[in-house]
Participant: 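Once you've had a glance at the structure underneath, I'll fire off some questions.
The model shown is predicted, which means the values in this text are computed figures rather than measured ones. Letters A, B, ... mirror the listed sequences (proteins, then strands); counts begin at 1.
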Number of protein chains: 2
Amino acid sequence: MKKSRHPTVLTISELAGVSPSTVSRALNDDARISQEVRAKVQRIAKEQGYTPNALARSLVSRTSGVVGLVLGNLSNPFYAELAEIIHARIAPMGKRLMLLHIGGEQLDMESMQTVFQYQMDGCIVTSASMSSKVAEICERYRLPMVMINRVAQLHSCAVSCHNYDGGYWIADALLAAGHRKLAAVGGRPNTSTSQNREAGFLECMSQRGVEPWARYCGHSTYDGGYKAGCELLAAAEHPDGIFAINDIMALGVLDAAREFGIKVPDEISVVGFDDIRAASWAGYNLTTIAQPVEAMVERSLDLLFARMSDPTLAGEEHYIRGEFRIRGTARLGSELVLAGREARRE
Amino acid sequence: MKKSRHPTVLTISELAGVSPSTVSRALNDDARISQEVRAKVQRIAKEQGYTPNALARSLVSRTSGVVGLVLGNLSNPFYAELAEIIHARIAPMGKRLMLLHIGGEQLDMESMQTVFQYQMDGCIVTSASMSSKVAEICERYRLPMVMINRVAQLHSCAVSCHNYDGGYWIADALLAAGHRKLAAVGGRPNTSTSQNREAGFLECMSQRGVEPWARYCGHSTYDGGYKAGCELLAAAEHPDGIFAINDIMALGVLDAAREFGIKVPDEISVVGFDDIRAASWAGYNLTTIAQPVEAMVERSLDLLFARMSDPTLAGEEHYIRGEFRIRGTARLGSELVLAGREARRE
DNA sequence: CTGAAAGCGCTTACAG
DNA sequence: CTGAAAGCGCTTACAG
C-alpha cells in the first residue's frame, strides 16, 4: 500500500477495478462511459474524498483555469469595488484569479513572468500604469488580456467608461446652470482616464467660449484633492465650480470647502466621477457620474473568454456610457442635464 | 523540429548539448554543475526566452508556491489596505496569491476545494465568517493557514489586534473624561472582532459601575453606523459618547451627528477602531485605535512560513497592541489616555 | 464501452 | 561533474 497521501486516479481505479483512463473519463462525465461504471467511480471518488490535481491536469490540457489580475491602487475604493465584482463574476465561470500586482506603482516584469510560469489562460488589467511593454509581451505570446478602465495599447482589448463624454457632459451641465469660473482637478497625469475626462471637460468649455479658471493635479488621491481644494479656495476669488476627475479627490475638495466654510452647492458646485460608495454617504452626497462597473466587467469577461477560446481574435475597444448621479453638491438644471446627454461620443 | 512552442528543458538541453537533468540543475544553480556548463545553459535559456513551467515543477516538487487568500468585505477599506500589505509582503518571498473569496458572505466549500486542487502551500484568511468547518478541513489536511483579524478556531494560527483591550481602553478614556452616557455600536454580531471590542468596552463600564446607555448593531457597514447614529441622536436625550467598534461605522455616526447639528466633540464624543485612511480625512478627523496592520501581517507570514516548512507545528494565537490615535472627535484627557494603557490584557 | 501506452515539463534519486 | 531512468497525476489519441 502506498504511503497514505491524497487519493489519485490510480487509487480510485484500483478500488473500482477499472483502468485509470476510465476513472478520468468517468470523473469528467465522458458520455462514452456506461452509466453504472460512471456512477460507481464517482461514488468511490466521493467516498475517498478525491480531489483532482489541477496542476497535473493543466500540464496536459494546456489550460490552467487561472486568470491573472493586476489591481490598481486599492486606497481608491473604486478599485476595491471593481476587484470584488470581477471575482464574483469570474468564479462561477470556473476560473481562478491570481494576484499579479496591487498598487499604484509600475507593474514590474517579474510579475508578468509568473503569468507564463503558471501558464495562465489570460489576464485582466485594471488601471495601474501599464507600460506598453507589457501589452507588447501579451501580444507576442498571444496571451489573451483585457484592460478595464484603461485605454487600449497596441491591439489589446480595453473596456472603459465614456470618460471624455462624461467630462464634456459635466462641463455642459455646469455651464448651463450659469457657472463661469470652472476649475478642474486632474488625477495622475499619465493615466488615460484622467486625461480623457479632463479633455472632455475642457473641450466643452472651449466650445462655449469659457476659459478654464484653473487646473490642478490631485494625483488621484484624497489628499491630493484636499490640497487642490484648499489652494483653489484660499485665493481671494475662488471658482464657482470644481470638477474633480474622480470621486476620491472630489471628497477631498468637499472637505476643503467645509474647512473654508464655503457653502456647497450655493457658493460652489463640486462634481466627481466614478460613484464610489462614499459618494452617497450622508456627509458628502456627491453629484457624480457613475461608472457602469457591472456592465464593464461583464463586457471585459466576454472579450477575454472569447480570446481564450480563439486567441487569433483581434483586440477591441469598448466604451460604456456612465450615468449622472444628481445629488447635492452641484447646481444643475435637470433639463440641462438631459441636454448634456447629447455630448459628443468618443 | 517541434511545433514552435515555448522552449522547454528539452529544447535547451539539445541546444546546449547536455542532458535535461543537467539543464534543470544548471538553471536551479546546483553547485555540482561546472561553472562553464552552468553559464552556457543559463545563457542559452536566456537567449531562448525560456520560462520554467511552474505547473510541471510543482507537480514533482509537491510545493506550488501559491498561497490562497480569503478576503473580507472590501467595502470596508480596512480589508483593502490589508490586502495591499499582504501582497506587498509576500511577493518578495517568492509566493503567489490566489484569490479564494472576496466579500462578507459565508465562504463556500467549493473555494476551499480549489486550495487542494491547486496544491496550495498555505492559506491566509482575513475575517469573513469562516465556519469552523473550514478550519477543520485545513487541520485535517495539514494545510498551513493563518487567520488575520480573527480569533483562532481549533488549533489554527491567528493574529489579531488586542481587540478586548482596545475596547476597554476606549471606555476607560471616555469615562475618565467625564462621559456617563455611553453607547456602543457593534458590528456583525457573529464576528469575534466585534464581540471582543464591545466586551472590553462594556466590561470597563461595568467595573466603573456605569450602565451602558444603549447598544446598537451597525452590521459593520457605513450605512449601519449612520442608521444607528440617527436613532441614537433622534431621541429626546442622547448619549454623550459613542464607541463604534470599527471606523467605517464611526464615520456613519459622525455624519448622523452632522445631520442632527450635534457638535462633535463638544456635545458628543465619537470613537472608532481600525484607523482606516478615511479616519484621518479632514472631514472626519476621527479619534480611533489604529490596528498595527504591518506588524500583524508580518507576524502572520512568519507563522505561515514556519508551518509551510514544518506542518507539524502547533497553532499559535498572537495579539498585537493597537495604538490610540487622538484626533478631534472625542474629549479625552491625555493623562487619562495614558492610564488606559493599563487596561487588562487578553 | 474500456484499456494500454504515451506524454505534458519538470525534478531527483541512482549510477557512474 | 554528468546522464539515463523513473515518476509527479493527469488526459488523450489509438486500439479493440
Participant: Under the 3.5 angstrom rule, does the side chain of Q42(A) hit a backbone N or O of A26(A) as a donor-acceptor pair?
Facilitator: yes
Participant: At less than 4.0 Å, is any side-chain N or O atom of R38(A) found next to OP1 or OP2 of dC1(C)? Yes or no.
Facilitator: no
Participant: Do H6(B) and Y141(A) have their ring centres less than 6.0 Å from each other?
Facilitator: yes
Participant: On the side chain of R25(B), is there an atom forming a donor-acceptor pair with the base of dG3(D) - under 3.5 Å, no angle test?
Facilitator: yes
Participant: Could you tell me if T22(A) and S19(A) have a donor-acceptor pair between their side chains, going purely by distance under 3.5 Å?
Facilitator: yes
Participant: Kindly express the pairing pattern of DNA chain C in dot-bracket notation, using | wherever a base pairs with another strand and counting only Watson-Crick or G-U pairs under 3.5 Å.
Facilitator: |||.||||||||.|||
Participant: At less than 4.0 Å, is any side-chain N or O atom of Y118(B) found next to OP1 or OP2 of dG9(D)? Yes or no.
Facilitator: no
Participant: How about N53(B) and T8(B): do any of their side-chain heavy atoms sit closer than 4.5 Å?
Facilitator: no
Participant: Just the rounded figure in Å: distance from P of dT12(D) to CZ of R62(A).
Facilitator: 12 Å
Participant: Can a side chain N or O of T22(B) be found less than 4.0 Å away from OP1 or OP2 on dG3(D)?
Facilitator: yes
Participant: Can a side chain N or O of N53(B) be found less than 4.0 Å away from OP1 or OP2 on dC8(C)?
Facilitator: no
Participant: Is a donor on one side and an acceptor on the other found under 3.5 Å between the side chain of R307(A) and the backbone of A314(A)?
Facilitator: yes
Participant: Check for a donor-acceptor pair, side chain of S300(B) on one end and backbone N or O of I148(B) on the other, with a separation under 3.5 Å.
Facilitator: no
Participant: If the cut-off is 4.0 Å, is S19(B) near the phosphate of dA4(D), judged by side-chain N/O to OP1 or OP2?
Facilitator: no
Participant: Tell me the closest heavy-atom pair linking T193(A) and N149(A), and the distance in Å.
Facilitator: OG1-O, 3.2 Å
Participant: For T8(B) and dG9(C), is the shortest distance between a side-chain N/O and OP1 or OP2 below 4.0 Å?
Facilitator: no
Participant: Among residues at least two apart in sequence or on other chains, which ones pass side chain to side chain contact (heavy atoms under 4.5 Å, CB included) with A306(B)?
Facilitator: L313(B)
Participant: Side-chain N or O of R57(B) versus OP1/OP2 of dT11(C): is the shortest distance under 4.0 Å?
Facilitator: yes
Participant: Closer to the 5' end of DNA chain C via nearest nucleotide, is it Q35(A) or P20(A)?
Facilitator: Q35(A)
Participant: Where the side chain of L59(B) is concerned, which of dC8(C), dC10(C), dG9(D) is the nearest nucleotide?
Facilitator: dG9(D)
Participant: So, OP1 or OP2 of dT11(C): does either fall under 4.0 Å of a side-chain N or O from S24(B)?
Facilitator: yes
Participant: Are OP1 or OP2 of dT2(C) and a side-chain N or O of S34(A) less than 4.0 angstrom apart?
Facilitator: yes
Participant: Can you tell me the distance, in whole Å, between the CG atom of L10(A) and the P atom of dA4(C)?
Facilitator: 12 Å
Participant: With distance as the sole test, does N76(B) use its side chain to make a donor-acceptor pair with the main-chain N or O of F78(B) at under 3.5 Å?
Facilitator: yes
Participant: Output a table of nitrogen or oxygen pairs between the protein and nucleotides 5-7 of chain C separated by less than 3.5 Å.
Facilitator:
unit_1, atom_1, unit_2, atom_2, d
dA5(C), N6, S21(A), OG, 3.4

